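Working notes, beginning with the structure itself.
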Amino acid sequence: MNEIPQDTLQEQTFYEQVGGEETFRRLVRRFYQGVAEDPLLRPMYPEEDLGPAEERFALFLMQYWGGPTTYSENRGHPRLRMRHAPFQVDKAAHDAWLRHMREAVDELGLSPEHEAQLWRYLTYAAASMINTAG
């Protein structure tokens with residue numbers, strides 16, 4: 001990878017620094033490949049096709065990290081805990097989610113700094129979705 005001048009990094013969002021839309025779509029696509037085969041997580045996605053969930057998650061992550069605001073324009077405020085409330089998310093679901101996300105993050109080949117920043121957020125988000133003991 002080419003060195004990017006430090007002052008350029010200051011002006012770019014995380015979204016831009018890691019490769020923009022393509023990077024987030026790769027991350028989410030790989031994540032949902034794992035979810036599709038997971039007996040614990042797959043039932044939490046009632047749609048037969050995971051495509052709509054994949055699209056929503058990609059748009060959410062892109063917006064969160066400084067990309068286009070398409071998610072909010074289409075769906076309003078993320079309200080993540082409320083949107084996940086109908087599903088029982090326990091420690092086992094949390095662990096399965098993070099396992100698939102870890103594989104997806106590892107395949108991106110991000111710089112150690114970007115990978116650490118992204119992973120901190122993802123582990124925090126996963127923990128905040130737990131809504132039931134078990």
Side-chain angles (χ1 to χ4, degrees):
M1 239 201 244
N2 296 335
E3 277 298 310
I4 300 171
Q6 191 61 35
D7 59 330
T8 303
L9 288 178
Q10 304 284 322
E11 298 167 12
Q12 289 186 318
T13 64
F14 182 91
Y15 170 84
E16 295 165 326
Q17 292 172 25
V18 300
E21 180 174 354
E22 178 187 346
T23 298
F24 285 95
R25 291 206 180 272
R26 282 178 38 223
L27 172 70
V28 173
R29 186 176 317 112
R30 179 63 183 92
F31 169 74
Y32 276 105
Q33 287 171 351
V35 168
E37 304 300 320
D38 191 292
L40 183 62
L41 296 181
R42 183 60 183 96
M44 293 186 190
Y45 296 86
E47 296 162 303
E48 191 169 318
D49 174 14
L50 288 173
E54 182 178 324
E55 179 67 8
R56 290 188 299 268
F57 192 30
L59 291 175
F60 168 76
L61 288 175
M62 286 188 270
Q63 177 175 305
Y64 179 85
W65 290 103
T69 58
T70 310
Y71 180 91
S72 287
E73 291 165 11
N74 292 338
R75 296 189 41 97
H77 189 280
R79 300 187 309 270
L80 295 180
R81 284 189 55 86
M82 183 198 80
R83 292 187 196 273
H84 291 80
F87 308 101
Q88 289 196 347
V89 181
D90 60 10
K91 180 78 166 87
H94 163 273
D95 293 350
W97 193 94
L98 283 177
R99 184 173 56 256
H100 297 299
M101 190 53 78
R102 182 75 256 172
E103 291 170 2
V105 169
D106 287 347
E107 289 183 15
L108 290 177
L110 299 177
S111 72
E113 297 81 13
H114 287 125
E115 182 275 329
Q117 187 176 354
L118 179 60
W119 189 245
R120 274 192 304 273
Y121 168 75
L122 292 168
T123 55
Y124 166 79
S128 69
M129 293 299 113
I130 295 175
N131 62 17
T132 189

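It should be emphasised that the depicted structure is a prediction, and the values quoted were computed from it without experimental measurement.
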Next on the checklist: For a salt bridge (Lys or Arg N to Asp or Glu O under 4.0 Å) check, start with the C-alpha distance between Asp95 and Arg99, then their side-chain angles and the critical distance, and finish with the verdict.
Outcome noted: CA-CA 6 Å; Asp95 293 350; Arg99 184 173 56 256; over 6 Å; no

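Atom CD in Glu55 sits 4.0 Å away from atom CZ in Arg25 (nearest 0.5 Å). Atom-to-atom distance recorded for Leu50:CG and Phe31:CZ is 9.5 Å, nearest 0.5 angstrom. In this structure, Met101 CE and Trp119 CH2 are separated by 7.5 Å, a value rounded to the nearest 0.5 Å. Interatomic distance, Gln63 CD to Phe24 CZ, rounded to the nearest 0.5 Å: 12.0 Å. Of the inter-residue distances, the one linking Asn131 atom CG with His94 atom NE2 reads 12.5 Å to the nearest 0.5 angstrom. How far CD of Gln17 is from OG1 of Thr23: 11.5 Å, rounded to the nearest 0.5 Å.
Ile130 and Leu40 end up in different hydrophobic clusters when Ile, Leu, Val, Met, Phe, Trp and Tyr side chains are linked at under 4.5 Å.
Proximity of Glu16 to Trp65: side-chain heavy atoms (C-beta onward) are nowhere separated by under 4.5 Å. Between Trp97 and Leu122, the closest side-chain pair of non-hydrogen atoms falls below 4.5 Å. Contact annotation: the side chain of Val105 approaches that of Glu115 to within less than 4.5 Å [non-hydrogen atoms, C-beta and beyond]. By the 4.5 Å heavy-atom criterion applied to side chains, Gln117 and Arg120 are counted as neighbours.
Between Leu27 and Ala104, the shortest heavy-atom contact is O-CB, 3.4 Å. Between Asp38 and Pro43, the shortest heavy-atom distance links the atoms O-CD, 4.1 Å. Smallest separation of non-hydrogen atoms from Ala93 and Met44: CB-CE, 3.6 Å. Residue Tyr71 comes nearest to Arg56 through the heavy atom pair CD1-O, 3.5 Å, listed as atom of the first residue, atom of the second, then distance.
Looking at Tyr15, its side chain does come within 3.5 Å of a backbone N or O of Glu21 through a donor-acceptor pair. Ser111 places a side-chain N or O within 3.5 Å of a backbone atom of His114 that can act as its donor or acceptor partner. With hydrogens and angles disregarded, no donor-acceptor distance shorter than 3.5 Å links the side chain of Glu103 to the backbone of His100.
When the salt bridge (charged side-chain N to carboxylate O under 4.0 Å, His left out) test is applied to Glu107, the partners found at least two apart in sequence or on another chain are Arg30. For Arg42, the salt bridge (charged side-chain N to carboxylate O under 4.0 Å, His left out) test picks out no residue, with sequence neighbours left out.
Ring geometry for Tyr45 versus Tyr32: interplanar angle over 60°, hence perpendicular rather than tilted (30 to 60°). Aromatic ring orientation, Phe60 versus Phe57: parallel (interplanar angle below 30°, classes split at 30° and 60°).
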